[in-house]
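To start, the structure itself, in structure tokens.
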Amino acid sequence: MIRKRLVFLFTMQIAIVLLVSGFYLRYHLKNVLEKELAAKLEAVAASVSGQIDASLVVLLGPGDENTRIYRNLKQRLERILEKTDMARILLITPSGGIWVDTQMQQPVGTLYSQYSINLAEISQAVNGQMSSSVLFKGYDNQLYKSAFAPITLEDKIVGAVAVEGSAQSLKAVKNIQNDLIRIGIVSLIFSVFLALIFSKKITESISNLQKSAKRIGQGDLETKIEVKGKDEISYLAKAMEDMRRAIVQRDEQQMAMMAGVAHEIRNPLGGIELFAGLLYDEFKNQPVQNHAEKILKETRNLKQLVQNFLDFARPIKPNRRICNVFNCWREAKELLGPEFEKRQVRIVEEGDAQVFVDPQHLKQVFMNLALNAAQAVKKKGVIKIIISDNSDNVQICFSDNGPGIAEQDVERVFEPFFSNKEKGLGLGLPMVKSLITQNSGNIELVFNESNGAVFLITLPKINGVSNL
């Protein structure tokens with residue numbers, strides 16, 4: 001995974017570097033080429049200034065276009081133009097008037113078209129310094145650059161030589177920049193594409209880990225965490241799987257110890273129950289019989305608590321199959337019939353569905369919830385069971401109109417040995433949660449501000465089995 005991230009980051013860096021370097025390269029090469037062109041133009045201008053006779057140049061005036069002096073000067077400049085591959089050579093006065101122009105047949109004294117633009121450079125040349133202009137577009141819409149050199153006569157500057165050269169080579173710089181920008185954009189798009197692929201893989205792996213952590217938090221320690229690959233997330237998944245196994249092993253050890261203790265307690269309880277029964281039978285119609293009866297009652301209560309303890313410590317593996325929810329509820333309701341009749345509890349039933357669970361486990365869940373509800377509601381209370389068949393699961397809402405559960409206890413009701421009852425080990429709801437989890441389901445207590453407890457059970461079904 002680190003390697004993939006490095007590849008992605010490296011590609012992103014390349015894309016950014018290409019984009020930035022495109023602009024920088026254009027700026028840098030443009031400056032370099034401009035300086036080289038300026039130096040070349042200034043050298044040509046200085047050479048022209050040294051090859052012409054300034055004493056003849058100053059003789060030219062308006063109307064001298066057909067004189068021998070003008071023709072000779074122009075021919076010399078044209079020969080230099082051919083040898084140097086320049087675009088144009090001009091001889092100009094300090095005030096910008098043209099003496100000779102190799103490009104255009106202009107009357108002597110015509111104002112140089114670039115005079116106002118290159119006034120500073122021409123002034124430098126007239127003051128005895130070489131100078132060059134900025135880039136400009138000519139009549140053919142191409143890029144040009146000018147250089148200026150002074151024309152000296154007897155140590156006196158009488159004018160300037162202007163040499164114009166093509167700057168079309170700078171277009172190559174722009175083409176290089178455009179190519180780099182295109183490559184940068186393509187690399188950036190490719191990087192984004194890679195990012196989407198890698199981020200999808202990363203988010204899927206993290207999402208799977210999150211689901212696994214949630215299952216463990218809900219008490220599902222049976223589902224293994226899949227470990228694929230050798231990246232950091234895989235190492236994290238392996239660490240979580242090792243943690244899950246360690247928790248399962250610790251729980252198994254604790255359960256084995258608890259079951260052993262419960263078994264050792266149950267044996268002497270059987271002896272107490274036996275001898276109490278003998279006392280009860282032997283001392284009929286005597287006060288001893290009342291005491292023996294109380295011993296028998298409490299012993300049986302203790303035996304039931306120990307049995308609950310054993311059921312919690314040694315849960316039976318589920319034998320899952322397709323079963324009917326309402327049938328499991330009806331069997332549990334029939335077993336608890338005397339309790340409901342004694343308390344005159346009214347049962348409200350709605351819906352039905354098929355689920356893929358252990359029917360004995362589901363019946364035991366209903367018995368625990370219904371017994372708790374019957375003990376919680378007042379006389380003539382109401383217990384509701386609503387079964388909803390959804391597209392991918394079945395939900396069972398089990399509620400009563402008893403006093404409910406305090407908000408601060410909502411998160412603790414499924415903890416072992418937590419109970420608000422005077423009697424009981426607090427193993428009923430933890431056992432319910434364990435049975436539901438073993439059957440790949442989920443149960444939660446929905447906090448209800450009004451009276452009553454509301455349990456929401458979610459159970460799986462196979463291939464969208466529909467209602468009966």
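Along the sequence shown, the residues carry numbers beginning at 1.
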Evaluate the side-chain proximity of [Y] to [X]: yes if any heavy-atom separation is below 4.5 Å, no if none is.
X	Y	value
Cys323	Val355	yes
Gln364	Leu435	yes
Asp400	Lys384	no
Lys40	Met86	yes
Leu135	Tyr144	no
Pro338	Lys342	no
Thr437	Asn442	no
Leu362	Leu459	yes

In Å and rounded to the nearest 0.5 Å, what is the [atom1] to [atom2] distance from [X] to [Y]?
X	Y	atom1	atom2	value
Met367	Leu336	CE	CG	4.5 Å
Ser133	Leu119	OG	CG	13.0 Å
Ser132	Gln124	OG	CD	8.5 Å
Ile383	Ser399	CD1	OG	9.0 Å
Ile443	Leu429	CD1	CG	7.0 Å
Ile457	Ile385	CD1	CD1	7.5 Å

Holding to salt bridge (charged side-chain N to carboxylate O under 4.0 Å, His left out), I want the full list of residues that pass it with [X], two or more places apart in sequence or in another chain.
X	result
Glu331	Lys363
Glu349	Lys333
Lys137	none
Glu121	none

Next item on the list: Any chance you could lay out the side chain to side chain contact (heavy atoms under 4.5 Å, CB included) test for Val394 and Thr458, step after step, and finish with the verdict?
Entry: CA-CA 6 Å; Val394 171; Thr458 303; over 6 Å; no

Check: Which residue pairs pass the ring-ring contact (aromatic ring centres under 6.0 Å, His included) test when at least one of the two sits in residues 372-406, sequence neighbours left out?
Finding: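 Listed by first then second residue: Trp329-Phe398.
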
Counting N and O atoms only, with roles assigned by atom type, does the side chain of [X] sit under 3.5 Å from a partner on the main chain of [Y], one being a donor and the other an acceptor?
X	Y	value
Asp358	Pro318	no
Asn439	Gly441	no
Asn390	Asp392	no
Asp352	Phe326	yes

Next item on the list: Answer with yes or no whether the side chains of Ser440 and Arg320 bring together a donor and an acceptor at under 3.5 Å.
Entry: yes

Note to self: Taking CZ in Arg343 as the centre, count heavy atoms belonging to other residues, nucleotides or ligands within less than 6.0 Å. Is the count above 12?
What the structure shows: yes

For [X] and [Y], which heavy atoms make the closest approach, and how far apart are they?
X	Y	value
Ala147	Ala45	O-CB, 4.2 Å
Ala125	Ser131	N-OG, 4.3 Å
Lys461	Ser391	CE-O, 3.6 Å
Tyr112	Ser146	OH-OG, 3.9 Å
Val454	Cys397	CG1-SG, 3.7 Å

Next item on the list: Using the side chain to side chain contact (heavy atoms under 4.5 Å, CB included) rule, take Asn118 and Phe148 through it: C-alpha gap first, then chi angles, then the decisive distance, then the call.
Entry: CA-CA 10 Å; Asn118 298 324; Phe148 302 92; 3.8 Å; yes

Margin query: Apply side chain to side chain contact (heavy atoms under 4.5 Å, CB included) to residues Ile387 and Glu350 and explain how you reach the verdict.
Written below: CA-CA 6 Å; Ile387 305 167; Glu350 180 181 324; over 6 Å; no

Note to self: Test of understanding: with side chain to side chain donor-acceptor pair (under 3.5 Å), list the residues that count as partners of Asn401, not counting sequence neighbours.
What the structure shows: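 So Asn401 forms no side chain to side chain donor-acceptor pair (under 3.5 Å) with any residue.
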
